[in-house]
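Both counts, for ligands and for their atoms, begin at 1 and track the order of listing.
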Amino acid sequence: MAKIAFIGLGNMGGPMAANLVKSGHQVTVFDLVDAAMDAVVAQGANKAATALEALAGADTVITMLPAGKHVAGLYLGDGGLIAKASTGTLFMDCSTIDADTAKRVGEAAAAKGLQMLDAPVSGGVKAAQAGTLAFMCGGDAVAFARGKLVLEGMGKNIFHAGDHGAGQIAKICNNMLLAVHMIGTAEALQLGANNGLDPRVLSEIMLNSSGKNWSLENYNPYPDVMPTAPASNEYKPGFMVQLMLKDLGLAMENSLVTQSSVPMGSLARSLYASFSQKGNAQRDFSAILEMFQS
Ligand code: NAD
């Protein structure tokens, strides 16, 4: 069993750390917000007063932070995790951040002889609680083989995408595609409804035709087609518009760096930005269907 330092215990990190405790690992937690640690400590984790205190004695360090600046701030510099870690430490950053920062931090760890994976997740808070997250990892094969044993305590599908930063690239590609097929699904269902079709019937037809896709199958954006979907529960998240917008922003930034043509992703980002500005930032991302209702 690993001795794990888990840093960043928000909506995702809290339940992820709790699952590692349940898997039998020795877990020490730290978050800037004291209250965020309580639920995990109640389940058997140890509490540290600082990130460096959590690091001391850990063989594996997992971080789940909001954005790239938080990750760079914690890992890099003279007082950072990389500078202070002992030989043999494995770092796994599960945050969704820009691939450049993931690469920079991963290479800084490698330069000190430490193992590091960027390991962003797919699946929201429910998957974090259920231990069914998907992990997309970037780093070398040795670090991946070691990290996978720990990630299995928090998820089901664990992929090795490539070298440092590759996990983050896989994540932005996936979420850009998710945004595009969610919007496409919403506009198709609304077009049908505008013509008097029952969205339940239309959904069934498309599920058995070439329009079948993940959003239609698991996350129908039209209210009352799928009782468990956010659309049938006042679009309570789920996966918030502001998080989708963050991921689309990362995809667009990367497309500039790599001079990639991403017209569908670019339009999806604009639509989500406009929808978010109209007071929808914290609603589920499938609420974008309302943009097509007038
Ligand atoms: P969150 O804001 O709820 O949690 C982040 C936590 O990090 C907070 O508790 C904050 O206090 C802590 N933190 C920030 N800086 C810190 C530092 N220097 N030291 C210690 N703690 C620090 O965010 P979340 O919803 O848990 O998401 C975390 C990451 O996972 C994000 O990158 C997000 O994009 C990604 N993600 C979220 C979801 C989701 O559905 N919420 C799904 C997939 C991926």
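Summary of contacts: the protein heavy atom closest to atom 3 (O) of ligand 1 is N11 N, 3.0 Å. Of all protein heavy atoms, the one closest to atom 44 (C) of ligand 1 is T96 OG1, 3.7 Å. With respect to atom 42 (C) of ligand 1, the closest heavy atom belonging to the protein is G123 O, 3.6 Å. Protein heavy atom nearest atom 40 (O) of ligand 1, with residue, atom name and distance: G124 CA, 3.6 Å. Scanning all protein heavy atoms for the shortest distance to atom 30 (O) of ligand 1 gives M64 CE, 3.1 Å. When hydrogens are left out, the protein atom nearest atom 27 (O) of ligand 1 is M12 CG, 3.9 Å; that is the closest non-hydrogen contact. Among protein heavy atoms, atom 4 (O) of ligand 1 sits closest to G10 CA, 3.2 Å. Scanning the protein heavy atoms around atom 14 (C) of ligand 1, the nearest turns out to be P66 CD, 3.7 Å.
Near V33, meaning under 4.0 Å from one of its heavy atoms, ligand 1 places the atoms 11 (O). Which parts of ligand 1 touch F30 is read off a 4.0 Å heavy-atom cut-off, strictly below it: atoms 19 (N), 20 (C).
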- Item | Full working for salt bridge (Lys or Arg N to Asp or Glu O under 4.0 Å) between K103 and D118 | CA-CA 8 Å; K103 236 177 137 181; D118 47 296; over 6 Å; no
- Audit row: K47, D38, salt bridge (Lys or Arg N to Asp or Glu O under 4.0 Å) steps and yes/no: CA-CA 8 Å; K47 186 171 176 172; D38 294 344; 3.5 Å; yes
- Kindly determine whether M206 and L202 satisfy side chain to side chain contact (heavy atoms under 4.5 Å, CB included), including the steps that lead there. CA-CA 6 Å; M206 294 196 294; L202 179 56; 3.9 Å; yes
- Query: When you look at F159 and F135, which way does the ring-ring contact (aromatic ring centres under 6.0 Å, His included) test go after all the steps?
  - Reply: CA-CA 6 Å; F159 300 101; F135 288 88; over 10 Å; no
- Residue pair E290, R283: steps toward the salt bridge (Lys or Arg N to Asp or Glu O under 4.0 Å) verdict: CA-CA 12 Å; E290 291 178 359; R283 298 175 75 207; 2.9 Å; yes
- Where do F285 and Y219 land on the ring-ring contact (aromatic ring centres under 6.0 Å, His included) test, with the steps shown first? CA-CA 10 Å; F285 83 119; Y219 216 102; 5.2 Å; yes
- Task: Given salt bridge (Lys or Arg N to Asp or Glu O under 4.0 Å), test R200 with E204 step by step and report yes or no.
- Result: CA-CA 6 Å; R200 277 167 292 209; E204 197 53 32; over 6 Å; no
- Item | Steps toward side chain to side chain contact (heavy atoms under 4.5 Å, CB included) verdict (D247, K171) | CA-CA 8 Å; D247 294 352; K171 166 84 184 176; 3.8 Å; yes
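Checking N194 against Q190 by side-chain atom types alone, a donor-acceptor pair falls below 3.5 Å. Side-chain contact, S215 with N220: no donor N or O sits under 3.5 Å from an acceptor N or O. There is no side-chain donor-acceptor pair under 3.5 Å between S232 and Y222.
Contact analysis leaves A51 out of contact with ligand 1, as no non-hydrogen atom separation drops below 4.0 angstrom. Ligand 1 does not have S122 within reach: every non-hydrogen atom of the residue lies 4.0 Å or more from it.
Distance screen at 4.0 Å: atom 23 (O) of ligand 1 has no protein heavy-atom neighbour inside the cut-off.
Under 4.0 angstrom from ligand 1, the non-hydrogen atoms of K246 all belong to its side chain. Only side-chain heavy atoms of L243 come within less than 4.0 Å of ligand 1; its backbone N, CA, C and O stay farther off. The side chain of I7, and not its backbone, has at least one atom closer than 4.0 Å to an atom of ligand 1 (non-hydrogen atoms only; side chain from C-beta on).
In terms of polar-atom proximity, G238 is not counted as a contact of ligand 1, lacking any N or O under 3.5 Å from an N or O of the ligand.
Among L65, L32, D31, V121, the residue whose heavy atom sits closest to atom 6 (C) of ligand 1 is D31.
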